[in-house]
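Single-structure report; data block below.
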Amino acid sequence: MGSEALQAAKVYRHLLKAVKRHIGKEETKKHFVEYVTEEFRKNCVLSDPSSIQQKIKLAKEYTYLLNSVHHQKDLLFSYNIAVDRSEEMKRTLGKSASSVGLRLPEVYQP
């Protein structure tokens with residue numbers, strides 16, 4: 001039973017990290033973290049080993065899904081597939097400029 005608890009804690013940490021990284025930590029998205037926490041606390045009383053393994057597997061697969069969707073989105077951006085990259089370029093240039101203490105000028109739009 002101890003190894004299952006350690007495995008569940010590890011999966012829980014990875015899932016929370018993925019939710020915070022890919023969904024966000026903002027107040028409007030806090031319910032995602034609360035739901036994950038609630039589900040793990042609700043299922044901590046399970047005693048059937050197959051049920052426990054099924055829940056752990058589900059959490060692992062959801063973590064993998066979140067990470068994979070984020071990775072796919074990054075790849076689509078890098079390959080410029082059906083995405084306007086001008087905003088991404090502005091953000092990159094803004095970061096570069098701010099790293100040396102400068103700001104990009106505002107573009108005049110009539």
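No hydrogens, no waters, no symmetry mates; every other heavy atom, side chains included, goes into these values.
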(request) Output, in order, the C-alpha distance, side-chain angles, deciding distance and verdict of side-chain contact (heavy atoms from CB on, under 4.5 Å) for Val69 and His22. (result) CA-CA 9 Å; Val69 166; His22 304 307; over 6 Å; no
(request) Kindly write out the residues that satisfy ring pair (Phe, Tyr, Trp, His ring centres under 6.0 Å) with His31, not counting sequence neighbours, or none if the list is empty. (result) none
(message) Using the salt bridge (charged side-chain N to carboxylate O under 4.0 Å, His left out) criterion, which residues pair with Glu34? Sequence neighbours excluded.
(response) none
(message) Working to the nearest 0.5 angstrom, can you tell me the gap between Asn43 CG and Glu38 CD?
(response) 10.0 Å
(message) I need the Arg13 CZ to Thr63 OG1 distance, nearest 0.5 Å.
(response) 12.0 Å
(request) Sort out for me which residue in Gln7, Lys55, His14 forms a side chain to side chain contact (heavy atoms under 4.5 Å, CB included) with Lys60. (result) Gln7
(message) Rounded at 0.5 Å granularity, tell me how far NZ in Lys73 sits from CG in Leu75.
(response) 12.5 Å
(request) Identify the heavy atoms of Phe40 and Ala8 that sit nearest to each other, and give their distance. (result) CE2-O, 3.7 Å
(message) Within this structure, what is the OG-CG distance for the pair Ser96 and Leu102, rounded to the nearest 0.5 Å?
(response) 10.5 Å
(request) Return the minimal non-hydrogen interatomic distance between Leu46 and Ser51, and the atom names on each side. (result) CD1-OG, 3.4 Å
(message) Please tell me whether Tyr35 and Val33 are part of a single hydrophobic cluster in this structure, the criterion being side-chain heavy atoms less than 4.5 Å apart.
(response) no
(message) Do Leu65 and Tyr12 land in one hydrophobic cluster if side-chain heavy atoms of ILVMFWY residues count as linked below 4.5 Å?
(response) yes
(request) For His70, look at atom NE2 and say whether over 12 heavy atoms of other residues, nucleotides or ligands are found less than 6.0 Å away. (result) yes
(message) Enumerate the salt bridge (Lys or Arg N to Asp or Glu O under 4.0 Å) contacts for residues 16-32, please, sequence neighbours excluded, ordered by first and then second residue.
(response) Glu26-Lys29
(request) Applying side chain to side chain contact (heavy atoms under 4.5 Å, CB included) between Thr37 and each of Leu16, Val19, Leu15, report the one that passes. (result) Leu16
(request) Can you establish whether the number of heavy atoms outside Gln54 located under 6.0 Å from its atom CD is more than 12? (result) no
(message) Under a 4.0 Å threshold between the charged nitrogen and the carboxylate oxygen, would Lys42 count as salt-bridged to Glu39?
(response) yes
(message) With rounding to the nearest 0.5 angstrom, report the NE2 to CG distance, His71 to Leu66.
(response) 14.5 Å
